[in-house]
Amino acid sequence: MITTIFDVPTPADFSFAATVHSHGWRELPPFHYDDNRHILSVPQRLRSGTTVLRLSSPDDQELIAQVESEAPLGSGDEETLRRVVRTCFRLDQDLGEFRGFIDDISGYDWVARHRLGRLLVSPTAWEDLAKTLATTNMTWSGTISMCRRLVSLGEPFAGGFCFPTPQEIAAVDPVRLAEVTKLGYRAAYLHEMATKIASGDLDVEAWREGDLPTDELYRKITALKGFGSYAAGSMLGLMGRYERLAIDSIVRRVFRDQMNGGREATDKDITAHYGRFASWAGLVMWLDVMRASLVPYLETRKPQRP
DNA sequence: TTCCAGGGGTAGA
DNA sequence: TCTACCCATGGA
């Protein structure tokens with residue numbers, strides 16, 4: 001096994017811990033997070049074979065990537081891997097406007113203090129869509145289980161599997177897909193999406209990079225079977241757009257218990273509450289939801305960049 | 001068995 | 001657009 005190490009510069013407001021723990025994605029295969037060594041592993045297919053990126057950042061000033069591969073990296077491979085790192089940690093996202101916005105709102109000083117706001121995403125939009133579909137109508141442990149089974153249909157490598165490509169999922173019989181993955185009724189939806197992507201009828205990767213208006217993007221996502229307001233709002237957030245709220249059972253519970261005196265609130269109430277955050281509403285809502293678990297965790301970790 | 005999940009879909013107003 | 005209601009499926 002050959003080991004290659006390189007580092008990727010990070011923005012001044014970057015926090016590795018805050019991003020890795022921004023939501024549950026680190027727990028969904030083929031991501032793997034080592035909680036003791038603070039290393040996120042991401043398998044990646046290259047022309048020269050499959051590699052595993054082991055990503056860490058002791059001081060938040062750069063991301064350190066350790067790559068293990070069976071053959072030396074081919075030309076362009078390192079650049080491909082750097083792109084994957086920048087994508088997953090959304091390093092190219094400029095959160096400056098958000099920092100200025102939230103700094104002016106009282107009661108949110110903890111956001112800047114812990115450099116919160118970056119969300120961990122998958123290497124491809126396809127993978128994020130598949131995982132988001134696996135969160136619908138399902139417990140979190142069930143989502144993890146479905147992702148583990150889904151990944152078993154991807155290309156194997158020493159130590160695990162890559163996330164299956166749309167082509168690989170499209171090639172599986174839908175009935176067998178449901179049996180293997182336990183995706184249930186979602187299997188047909190995933191198969192249909194994979195087939196459209198594989199045939200070129202649907203270009204979901206362009207959604208991330210494109211400059212489509214958010215409302216139009218929302219319509220495109222909700223046009224996919226199985227994607228309603230929650231799933232589409234969630235996907236928009238993973239693409240750096242926060243106008244739409246992804247209201248799920250966690251949001252409702254936390255809002256009720258921590259922000260509404262224990263009284264049940266309707267989705268309309270929640271939406272109205274976050275209205276003042278305008279284009280940052282979805283991000284602020286999610287940070288509020290995460291605050292109780294995330295902030296204490298981050299405070300127990302050694303102080304990093306002062 | 002029942003109940004719920006990081007809900008979706010749709011008819012009717 | 002909003003609401004009420006029904007529907008799906010796995011796991012605890």
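Below, read A as the first sequence line, B as the second, and so on, with proteins coming before strands; counting in each chain starts at 1.
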Polar side chain donor-acceptor pair, T80(A) to D77(A), under 3.5 angstrom: no
Flag yes if V85(A) and Y33(A) sit in one hydrophobic cluster, no otherwise; membership is Ile, Leu, Val, Met, Phe, Trp, Tyr, and two members link when side-chain heavy atoms are under 4.5 Å apart. yes
Quick one: sort the W280(A) and F98(A) rings into parallel, tilted or perpendicular, breaks at 30° and 60°. tilted
Rounded to whole Å, the NZ-P distance (K225(A) to dC7(C)) equals 18 Å
In whole angstroms, how far is the C1' atom of dC2(C) from the CG atom of D269(A)? 14 Å
Name the nucleic acid region contacted by S234(A), choosing base, sugar-phosphate or nothing; use a 4.0 angstrom heavy-atom cut-off, strictly under. base
Contacts of H273(A) that satisfy ring-ring contact (aromatic ring centres under 6.0 Å, His included) - sequence neighbours left out: F255(A)
Whole-Å distance separating the CZ atom of R148(A) from the C1' atom of dG11(C): 13 Å
Show me the side-chain donor-acceptor pairs of residues 226-236 of chain A shorter than 3.5 Å, one per line, residues at least two apart or across chains.
| from | atom 1 | to | atom 2 | distance (Å) |
| --- | --- | --- | --- | --- |
| Y230(A) | OH | T135(A) | OG1 | 2.8 |

Taking ring-ring contact (aromatic ring centres under 6.0 Å, His included) as the definition, give me every residue that meets it alongside Y185(A), ordered by chain and number, with sequence neighbours left out. Y189(A)
What side-chain donor-acceptor pairs closer than 3.5 Å can you find for residues 238-247 of chain A, not counting sequence neighbours?
| from | atom 1 | to | atom 2 | distance (Å) |
| --- | --- | --- | --- | --- |
| R241(A) | NH1 | L212(A) | O | 2.6 |
| R241(A) | NH1 | T214(A) | OG1 | 3.1 |
| R241(A) | NH2 | G210(A) | O | 3.4 |
| R241(A) | NH2 | L212(A) | O | 3.0 |
| Y242(A) | OH | Q93(A) | NE2 | 2.8 |
| E243(A) | OE2 | T214(A) | OG1 | 3.1 |
| R244(A) | NH2 | D215(A) | OD1 | 3.3 |

When rounded to the nearest 0.5 angstrom, what distance separates CG in D201(A) from NZ in K196(A)? 8.0 Å
Could you check whether F16(A) and H38(A) have their ring centres less than 6.0 Å apart? no
Acceptor/donor pairs from residues 100-108 of chain A side chains to any protein atom, 3.5 angstrom cut, sequence neighbours excluded:
| from | atom 1 | to | atom 2 | distance (Å) |
| --- | --- | --- | --- | --- |
| Y108(A) | OH | D288(A) | OD1 | 3.2 |
| Y108(A) | OH | D288(A) | OD2 | 2.8 |

Using the test side-chain contact (heavy atoms from CB on, under 4.5 Å), find all partners of V172(A) that sit at least two apart in sequence or belong to another chain. R176(A), L177(A)
Check every strand shown and say whether S229(A) touches a base, only sugar-phosphate, or nothing at a heavy-atom separation below 4.0 Å. sugar-phosphate
Let me have the donor-acceptor pairs involving side chains of residues 147-162 of chain A, under 3.5 Å, with sequence neighbours excluded, atom names and distances please.
| from | atom 1 | to | atom 2 | distance (Å) |
| --- | --- | --- | --- | --- |
| S152(A) | OG | R149(A) | O | 2.5 |
| E155(A) | OE1 | R45(A) | NH1 | 3.4 |
| E155(A) | OE2 | T50(A) | OG1 | 3.0 |

What is the distance from CZ of F227(A) to P of dG9(B), rounded to the nearest Å? 10 Å
Rounded to whole Å, CG of N137(A) lies from C1' of dA12(C) at a distance of 16 Å
Should D34(A) and R54(A) count as an ion pair when the cut-off is N to O under 4.0 Å? no
Each nucleotide N or O in nucleotides 3-5 of chain C that has a protein N or O under 3.5 Å away: list the pair and distance.
none

5'-most contact on DNA chain B: W286(A) or G226(A), nearest heavy atom basis? W286(A)
Under 3.5 Å between N/O atoms: give me all the protein pairs with nucleotides 10-12 of chain B, atom names plus distance.
none

Interatomic distance where CD1 belongs to I221(A) and C1' belongs to dG7(B) [whole Å]: 16 Å
Should S145(A) be listed as having a side-chain N or O under 4.0 Å from OP1 or OP2 of dG11(C)? yes
Round to the nearest Å and state the distance from I144(A) atom CD1 to dG10(C) atom P. 18 Å
Quickly work out the D267(A) CG to dG8(B) P distance and round it to whole Å. 11 Å
For residues 175-190 of chain A, which residues have at least one heavy atom under 4.0 Å from DNA chain C? K182(A), G184(A), Y185(A), R186(A)
Looking at residues at least two apart in the chain, or sitting in another chain, which of them share a ring-ring contact (aromatic ring centres under 6.0 Å, His included) with H23(A)? W25(A)
May I ask you to list the residues of residues 237-256 of chain A, by number, that have any heavy atom positioned under 4.0 Å from an atom of DNA chain B? D248(A), S249(A), I250(A)
